[in-house]
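Taking it in order: structure first as structure tokens, then the write-up.
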Amino acid sequence: MAGKATTSIKLDRDVKDRLDHIAERQQRSAHWLMKQAISEYVERTERREQFARDADDALLEYDRTGLHLTHVEVESWFEKVLSGEKTDLPECHS
């Protein structure tokens, strides 16, 4: 299990009051809500950054190979998937 680190933040009074009200309604501590919010923000930001890296890598791969699927090909495949049909993704082409 990872170690724990202590930090402190200064909140505007209005935000702190709103946080306290939410904590009371949800029967959680303000501390728990802040930890949850920060964890969710970090996870979301890391996923967004990874998505951007993956998109950059995909563009480099396309530039290198020219392999792709058209929008129509992907849409047709996706409609089959949504209807429950087991189907493989079409082969990429140049």
Side-chain angles (χ1 to χ4, degrees):
M1 181 174 167
K4 299 203 182 244
T6 300
T7 191
S8 63
I9 60 173
K10 292 183 182 185
L11 299 174
D12 292 339
R13 172 53 51 195
D14 177 59
V15 172
K16 177 68 168 99
D17 290 344
R18 291 164 53 204
L19 180 65
D20 288 340
H21 288 301
I22 292 170
E24 184 177 328
R25 286 193 309 269
Q26 294 189 3
Q27 298 180 336
R28 296 282 188 177
S29 67
H31 173 84
W32 185 91
L33 292 175
M34 288 185 283
K35 281 178 49 179
Q36 188 70 20
I38 291 168
S39 292
E40 288 176 12
Y41 175 82
V42 168
E43 289 290 327
R44 186 174 55 249
T45 300
E46 289 173 340
R47 284 193 310 269
R48 187 180 306 120
E49 290 172 349
Q50 184 62 53
F51 180 81
R53 285 191 298 273
D54 291 346
D56 288 341
D57 290 346
L59 180 58
L60 290 173
E61 181 70 9
Y62 170 75
D63 288 342
R64 187 178 70 75
T65 67
L67 295 176
H68 67 283
L69 293 172
T70 66
H71 174 79
V72 171
E73 292 166 331
V74 172
E75 187 175 47
S76 174
W77 167 79
F78 194 59
E79 286 174 359
K80 291 176 185 176
V81 170
L82 288 177
S83 71
E85 183 179 333
K86 289 195 179 239
T87 182
D88 293 331
L89 187 64
E91 288 287 325
C92 291
H93 54 83
S94 53

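These numbers come from the heavy atoms of this one structure, side chains and all, not from hydrogens, waters or symmetry mates. All values derive from a computational prediction rather than experimental measurement.
Counted within 6.0 Å of CD on Q27, heavy atoms from surrounding residues, nucleotides or ligands total 12 or fewer; the atom is thus considered open. For CD of E91, the number of neighbouring non-hydrogen atoms (other residues, nucleotides, ligands) closer than 6.0 Å is 12 at most.
Atoms CG and CG, on D20 and L33 in that order, are 9.5 Å from each other to the nearest 0.5 Å. Considering NE2 of H31 and NZ of K35, their distance stands at 4.5 Å, rounded to 0.5 Å. The CZ atom of R44 sits 11.0 Å away from the OG atom of S39 when rounded to the nearest 0.5 Å. The distance from atom CG of D88 to atom NZ of K80, rounded to the nearest 0.5 Å, is 10.5 Å.
Checking side-chain atoms of H68 against main-chain N and O of H93 turns up a donor-acceptor pair under 3.5 Å. Remark: the backbone N or O of V42 is not paired with any side-chain donor or acceptor of T45 at under 3.5 angstrom. No donor-acceptor distance shorter than 3.5 angstrom exists from the side chain of E40 to the backbone of A37, with no hydrogens or angles considered. Looking only at distances, no side-chain donor or acceptor of S76 sits under 3.5 Å from a matching main-chain atom of V72.
Salt bridge status for D12 with K16: absent, with no side-chain N to carboxylate O gap under 4.0 Å.
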* To do: Please test W32 against Q36 for side chain to side chain contact (heavy atoms under 4.5 Å, CB included), starting from the C-alpha separation and ending with a verdict.
  => CA-CA 6 Å; W32 185 91; Q36 188 70 20; 3.7 Å; yes
* Would you check, one step at a time, whether the test side chain to side chain contact (heavy atoms under 4.5 Å, CB included) holds for R53 with D56? => CA-CA 5 Å; R53 285 191 298 273; D56 288 341; 5.5 Å; no
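In terms of heavy atoms, A23 sits closest to A30 at CB-N, 3.7 Å.
Hydrophobic clustering (ILVMFWY, side-chain heavy atoms < 4.5 Å, transitive): L60 and L67 are in distinct clusters.
Between L11 and M34, some side-chain heavy-atom pair lies under the 4.5 Å cut-off.
Applying the 4.5 Å side-chain rule to ILVMFWY residues, one finds L69, V74, W77, V81, L82, L89 in the same cluster as F78.
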